[in-house]
Amino acid sequence: MRPDTPADSTDHTAEAERLLRTAAQYPEDAEHLLLHAAAHLELAGDRPQATTLYDRLLAGELEDASLVRALKAANLWEYGHEAEARAIIEGLRTTAPRSPEAWVIAAESLESHDELTTAQEVFTEGVELLTVQGEEVPYDCRPLLLGRHRVRRLLALPHDVWDVLADDAHSSSSPISLDELHDPKRTWALGSSDPEELSAEIARLRAELGTFRAALSRPFPVAVLHWPASELSELLAAYPSLAAEYPSHEEHLSTIESSLRELAASGTENLGIVTATVPSYEAFAASEGTSPTDTSLLPQYATTLAARGRAVGWPPRGECWCGSGTAYSDCHGRP
């Protein structure tokens, strides 16, 4: 809700000076221009000068004095004047301005300093003052409802009638639900609360999920797990208890071939082999919340690899599946 400012590559000090000169030439637009100049000073790190500019604005006649006071409070808090900022915010709550922007700036300032309970109260006071349940939400009041929903999500509070109204207002412009957009875990993982960045991340994850579901919907082979010699050595070095499952690499290869032949003899079709790696197996065990030493995890790992399209059909038509470089018919494919 702050006045728009250009990208970070802008020389904010120079831009503030330009806006101050323009405001002197066009006094009828001074309030708007000086607000933008103050925003540039904040971005330039010159917060004391921004406060001076807010005071200059407040000394005159203003279209929206409450917004300027809220901006001043938010700016003061950012450079150590917390007590004064709190006093201004409490004054705004007492006067109950009709400016949605003032309520949003005050509440977001509290939210940014982890004053979530008070931020929720300020958002709620603004919402109850400026909106009516059952009626269409005015466009300039939507940030109040959305901000209130976000803070209540952070506080793990249950939905109330205003949250439902926020959902309705949001659903008309986005396919992503507010609960998903304001999920604290997603916000913390991404490191940003910017709705555009969060929406882009959710869209990316949904696309990945769609691809994964499509892969799962395709028939995949009944696959047997194959550990190359180097990977099996690394596995047994890290998890010696698995030696009972894999006494030797030669026996492991022999077991693979015999298992596949037994499955084929029983009428099982679409057989395959998936090649394992230790890092991949460890990651799979972590995702399942169990230890790599759990032998029941091995067939699950094989099935997951097959579902992801990693299986090679058996019996092979060319080289043997074991990696010897020999034709299958002269290697494990011999009767």
Side-chain angles (χ1 to χ4, degrees), residues 179-180 183-186 188-190 201-326 328 331-334:
D179 274 348
E180 194 173 2
D183 182 352
K185 291 182 180 178
R186 176 169 285 113
W188 295 329
L190 185 61
E201 176 67 5
I202 292 168
R204 182 186 69 77
L205 290 172
R206 284 182 171 176
E208 287 185 3
L209 181 60
T211 302
F212 183 64
R213 282 176 174 165
L216 286 177
S217 68
R218 294 192 297 269
F220 54 86
V222 175
V224 177
L225 199 61
H226 166 223
W227 292 94
S230 59
E231 294 292 336
L232 186 61
S233 297
E234 184 179 341
L235 179 75
L236 296 179
Y239 309 104
S241 63
L242 291 178
E245 191 76 15
Y246 303 112
S248 70
H249 189 250
E250 291 74 17
E251 188 169 338
H252 169 53
L253 299 181
S254 177
T255 301
I256 291 173
E257 182 68 25
S258 61
S259 298
L260 288 165
R261 292 192 184 196
E262 287 174 11
L263 287 167
S266 68
T268 305
E269 299 179 349
N270 196 19
L271 298 172
I273 297 173
V274 287
T275 301
T277 66
V278 174
S280 169
Y281 179 59
E282 289 175 332
F284 178 73
S287 71
E288 293 294 312
T290 188
S291 168
T293 57
D294 183 356
T295 55
S296 67
L297 203 63
L298 294 166
Q300 296 177 44
Y301 175 52
T303 301
T304 301
L305 291 180
R308 292 176 179 173
R310 304 289 181 83
V312 176
W314 180 94
R317 296 180 180 177
E319 291 185 0
C320 187
W321 54 263
C322 70
S324 64
T326 306
Y328 174 67
C331 192
H332 284 91
R334 287 178 297 179

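Residue numbers run from 1 in the order of the sequence given. This one's a predicted model, so the numbers in the text were calculated from it and none came from an experiment.
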For a 4.5 angstrom cut-off between non-hydrogen side-chain atoms, does [X] reach [Y]?
X: Val224; Y: Trp314; value: no
X: Leu253; Y: His226; value: yes
X: His252; Y: Glu245; value: no

Let me see the working for Arg334 and Tyr328 under side chain to side chain contact (heavy atoms under 4.5 Å, CB included), right down to the final yes or no. CA-CA 8 Å; Arg334 287 178 297 179; Tyr328 174 67; over 6 Å; no
Checking the side chain of Ser280 only, and the main-chain atoms of Thr277 only, is there a donor and an acceptor separated by less than 3.5 Å?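 Checking the backbone N and O of Thr277 against the side chain of Ser280, no donor-acceptor pair under 3.5 Å is found.
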Quick check against the 3.5 Å criterion: does Thr268 have a side-chain atom that pairs as donor or acceptor with the backbone of Ala264?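 No: the side chain of Thr268 does not pair with the backbone of Ala264.
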Distance check, rounded to the nearest 0.5 Å: [X] atom [atom1] versus [Y] atom [atom2]?
X: Ser324; Y: Glu319; atom1: OG; atom2: CD; answer: 7.5 Å
X: Ile256; Y: Ser254; atom1: CD1; atom2: OG; answer: 9.5 Å
X: Tyr301; Y: Ser296; atom1: OH; atom2: OG; answer: 15.0 Å

Indicate the atoms forming the closest heavy-atom contact of [X] with [Y], along with that distance.
X: Ala223; Y: Ala306; value: CB-CB, 3.8 Å
X: Leu225; Y: Ala276; value: CD1-CB, 3.7 Å
X: Leu297; Y: Ala285; value: CD2-CB, 3.4 Å
X: Tyr281; Y: Asp294; value: OH-O, 3.7 Å
X: His332; Y: Cys320; value: ND1-SG, 3.5 Å

Would you list the pairs meeting salt bridge (charged side-chain N to carboxylate O under 4.0 Å, His left out) in which at least one residue belongs to residues 250-262, sequence neighbours left out?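 Passing the test, one end in residues 250-262: Glu257-Arg261.
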Quick one: sort the Trp227 and Tyr246 rings into parallel, tilted or perpendicular, breaks at 30° and 60°.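 The arrangement is perpendicular - the two ring planes meet at more than 60°.
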Name every donor-acceptor pair, under 3.5 Å, that has one atom in a side chain of residues 230-242 and the other anywhere in the protein, sequence neighbours excluded.
residue, atom, partner, partner atom, Å
Glu231, OE1, Val278, N, 2.9
Ser233, OG, Ala229, O, 3.1
Tyr239, OH, Glu282, OE2, 2.6

